[in-house]
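Here is the structure we will look at, set down as C-alpha cells.
Labels below follow one simple rule: chain letters A, B, ... track the order of the sequence lines, proteins then strands, and each chain is numbered from 1.
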There are 2 protein chains.
Amino acid sequence: MTRARRDSGGRPKRPTMVDVAREAGVALRTVSRVVNQDPTVGPEYVVKVEAAIAALSYRPDDRARQLRTGVTGTIGAAVRRIAEVNPELAAIERTARDAGLTLFAASTDFDETREHDILISMCRQRLDGIIVEPFGENHAYLQPELDAGVPLVAMDRPMSGISVDCVMSDNASGIGMAFHHLHQHGHRRIAYIGDSERVLSGRERAAAFRAALRAHGEAVEGLVHPGEITPDRVAAALDTALHGPDPATALVTGNMDTTLAVLRHLGPQAASRLALVGFDEVPLADLLQPALTVIAQQTAEIGRTAVELLRARIADPGRPVQTVVVPVTLKVRGSGEVRA
Amino acid sequence: MTRARRDSGGRPKRPTMVDVAREAGVALRTVSRVVNQDPTVGPEYVVKVEAAIAALSYRPDDRARQLRTGVTGTIGAAVRRIAEVNPELAAIERTARDAGLTLFAASTDFDETREHDILISMCRQRLDGIIVEPFGENHAYLQPELDAGVPLVAMDRPMSGISVDCVMSDNASGIGMAFHHLHQHGHRRIAYIGDSERVLSGRERAAAFRAALRAHGEAVEGLVHPGEITPDRVAAALDTALHGPDPATALVTGNMDTTLAVLRHLGPQAASRLALVGFDEVPLADLLQPALTVIAQQTAEIGRTAVELLRARIADPGRPVQTVVVPVTLKVRGSGEVRA
DNA sequence: TATCCTCGCGATAACGTTATCTCGAAGGAT
DNA sequence: ATCCTTCGAGATAACGTTATCGCGAGGATA
C-alpha cells in the first residue's frame, strides 16, 4: 500500500499511469495496453500491472483519454426539464446506455439564455453529439458548430435558422383525432386551449384544430385559444369558451400543462361534466375521476429515434438531414366520452 | 473565413489556440490570456485575437483546460431516476447552477450494478464531487476514491461501509405525525404498508410505525407490512390489513410508489372510504378525490443542502463528516381526515 | 548458419490547454 | 547617462493519456 502523495494545496494527488508503470517495473505504454485490454501483452506483464493498479488503486483519467483520442463517448441532452416526468429523456438515457454512450442531461428550464449557455458548454466539452428539445426563437448561432461537425438532433420541434435532423410527433393528426372523437360523441361546440403559437408545436396544433372546425362546418370564433400557459390565461380562455352565449360542451387541451391548469381551475365537480381530451399523457391520468382521455405521444419511440438519428449522424456526418414524424394514439379513459 | 481542415477520417477538425495565434499573429500564450480575460493583455492584442477567434469560430476545448487545471467545474448526481418527478434533483441543478457548477446527472435505475458503474465512471471523469442517492447494499468499494479525496455526499439515505456526509428526512417524526393524525381522527386500527426494510429509510419508517403502535398501546400484529413495492405484494398486504377479523380503518403508506399502488388496487370508490396518509408528496395529489393527505419531505431543502455539503467538502476535504436531518411536514388535504 | 519475419515491449511524440519562466522594452530614480 | 524596476508578451514545460515508431528476441525458411 503506497501512501497517496499530496500536492501543494494539501489535496491528495491520484496516481497516474506513470506511477503504475514505476510500481510494476514496466513501461508506461504497457500499462496503457493492459488498461485497454490490448491482447498483445504477455500474461506475466498483465499480472504485474494489475497488481500495481490494485496496490495504488489507480483509476484512469477519462479527461486525458478523451483529449488524446478525440472522442468522449458522451452525448448531451438539453431538455426543458430533467427531474420532471419526461419519458423521452428516459428513453434517450436507456438507448444511449445500450449503445455504450454516456448521457449528459441538463435543463434549459424554458429559458432561452440558459439553452444557449448549455448548448455552447456542450460544444466546449466536445461531446460526441447533442440532442436538444428546442425552446429559443433562433438557433443560427449554432451554425459554426454544425460546420465544425457537431452532430445535432432536434426533438419535439424543429430548430429555426439551421438545418438539423428532427424527430417529432404528428401534431396535426393528434388534434384531428381528438376533435373527431368528441364530434363522434355528439359534441358540436368544441373548444381548444393550448400553448402559444410562438413555438411550432403550438402553431401546428392550433392550426390543425381550426382546420378540423372548418372541415366540419363549424365556426371558429371564440373556440380556439392559444397562448401562454399561466393559470390566469387558461382560466380566462376557459371562461370565454364555456360561459359565452353559445358555450362549448367539449374541450381539447393542447398539452399537459394546459390540461392540468384546466382541471385545477374547474375543480373535480365541473371537470367531470365536461368532455375533455388532452394532448399529452398526464401522470396519474388513470386515477382521476373520470380518468383522462388523452392523445398520447409515443415518447419512448421519440427518445429512441432521437438517439438513433444522432448515432447515424455521428457515423456519417455527410448524410442528408432527416425529419422523422412519429404517430400519436388516442387513449380512451372516460373524460373524452362524456356525451353532449 | 478560413476553411475548416479535415483529418484523415474526413470529419472537420476544429481550430485550436495554435490556429488562432497564427491567424492573429501573436503567441499561443497571448490567446490563452485573452480567452481567460487576463487583464494584463494590451488592448490592441485583445482586438486582434478576438477578431481571429471570430474568423475561425474558435471554441476552447474544455477537456484540455480541465486536464491542465485539474478541476472540471462539474459535479455528478447519481439518482434513482432522472426523467421522473424529482424535486431534490431539480433543487440540486438550480443550486449547482447558482454556484457556477455544471451538473452531470444519471439514473441508477434501482440497479446496484448500474449504480456502481455510474459512480466509477464519475470518478474516472474526475468530477469535482458526487451526490448519490444510494441504492446498493455496500459502498465499501468507494473507499479508495474517498482516500483519493473524491468529495461524496449521500442524499435520502446514508451509505453503508463508508463514512460520508449525508442529508436525509426525519423519517421517524414523519411516520409519527402520520400515525398521530389518524389517531386523532378516531382511528384505532391503523396499518402501515411501505418499502422493504433492506434500505434504511424503509427500516426507519417501519420501526417508527411499530413504535407509534406500541406507544398508543395498540397491538402490532398484522398491521405493519414492509416489503418490495410490487402491485401484487402491496395488494396482498392491503387485503391482510383491511379484510382480516379486526380490519384496519386507516392506512399509512411508506412512500409514493406504495401510495399509488394502494390507490390503484383499491380503485376510486374504496379509496375514498379509507383514511389514508402517504409518506412523500404525490404529483397531482390535489386533483384526486379526496385529495391526498401526505407527509411531505422538504425536497428543495434536501437538494440544496446536498450541494452545500458537497461544496463545503470540496473547499475543505478535512472537515468532519456531517449528517443533516431535514424535518418533514404534514399536508392536510382530505384523505387523512376520513373519520373512523 | 544466415536471413527474414513476427511478436511484444519500450521510448517518445502528440492531443489542446494553462503555468512558469525568460526576456525585451519602457520609464523613473539617482 | 546608467541602473533598476515594472510591465507585457513569447518560449517552453506540463497535465495524463494514446499512437507511432523502433528495436531486440525468437522462430521459420533457405
What does the list of N/O pairs under 3.5 Å between the protein and nucleotides 23-28 of chain D look like, with a distance for each?
none

Where do Asp19(A) and Arg22(A) land on the salt bridge (Lys or Arg N to Asp or Glu O under 4.0 Å) test, with the steps shown first?
-> CA-CA 5 Å; Asp19(A) 301 316; Arg22(A) 192 186 316 115; 3.4 Å; yes
Give Val35(A) one of three labels, base, sugar-phosphate or nothing, depending on what nucleic acid heavy atoms sit under 4.0 Å from its own.
-> nothing
Glu112(A): salt bridge (charged side-chain N to carboxylate O under 4.0 Å, His left out) partners, not counting sequence neighbours | none
If a pair satisfies ring pair (Phe, Tyr, Trp, His ring centres under 6.0 Å) and one of its residues is in residues 46-92 of chain A, list it, with sequence neighbours excluded.
-> none
Any residue meeting side-chain contact (heavy atoms from CB on, under 4.5 Å) with Ala99(B), in chain and number order, not counting sequence neighbours = Leu101(B), Arg311(B)
Please list, in 5' to 3' order, the outermost nucleotides of DNA chain C lying under 4.0 Å from any heavy atom of chain B.
-> dG16(C) to dT20(C)
Residue pairs involving residues 36-59 of chain B (criterion salt bridge (Lys or Arg N to Asp or Glu O under 4.0 Å); sequence neighbours excluded) | Glu145(A)-Arg59(B)
Partners meeting salt bridge (charged side-chain N to carboxylate O under 4.0 Å, His left out) with Glu115(A) (sequence neighbours left out) = none
Met17(B) CE - dA11(D) C1' separation (whole Å) = 16 Å
For DNA chain D, the residues among residues 26-33 of chain A that have a non-hydrogen atom under 4.0 Å from it | Leu28(A), Arg29(A), Ser32(A)
May I ask you to say what Asp62(B) touches in the nucleic acid, namely base, sugar-phosphate or nothing, with a heavy-atom cut-off under 4.0 Å?
-> nothing
Salt bridge (charged side-chain N to carboxylate O under 4.0 Å, His left out) partners for Arg94(B), two or more places apart = none
Using the side chain to side chain donor-acceptor pair (under 3.5 Å) rule, collect all pairs that involve residues 122-134 of chain A, keeping only residues at least two apart or in two chains.
-> Thr72(A)-Asp128(A), Arg80(A)-Glu133(A), Ser121(A)-Gln125(A), Arg124(A)-Asp62(B)
For Asn36(A), the side-chain contact (heavy atoms from CB on, under 4.5 Å) test, sequence neighbours excluded, returns Ser32(A), Arg65(A)
Kindly state each residue pair satisfying side chain to side chain donor-acceptor pair (under 3.5 Å) with at least one member in residues 99-110 of chain A, sequence neighbours excluded.
-> Arg81(A)-Asp109(A), Ser107(A)-Glu93(B), Asp109(A)-Arg97(B)
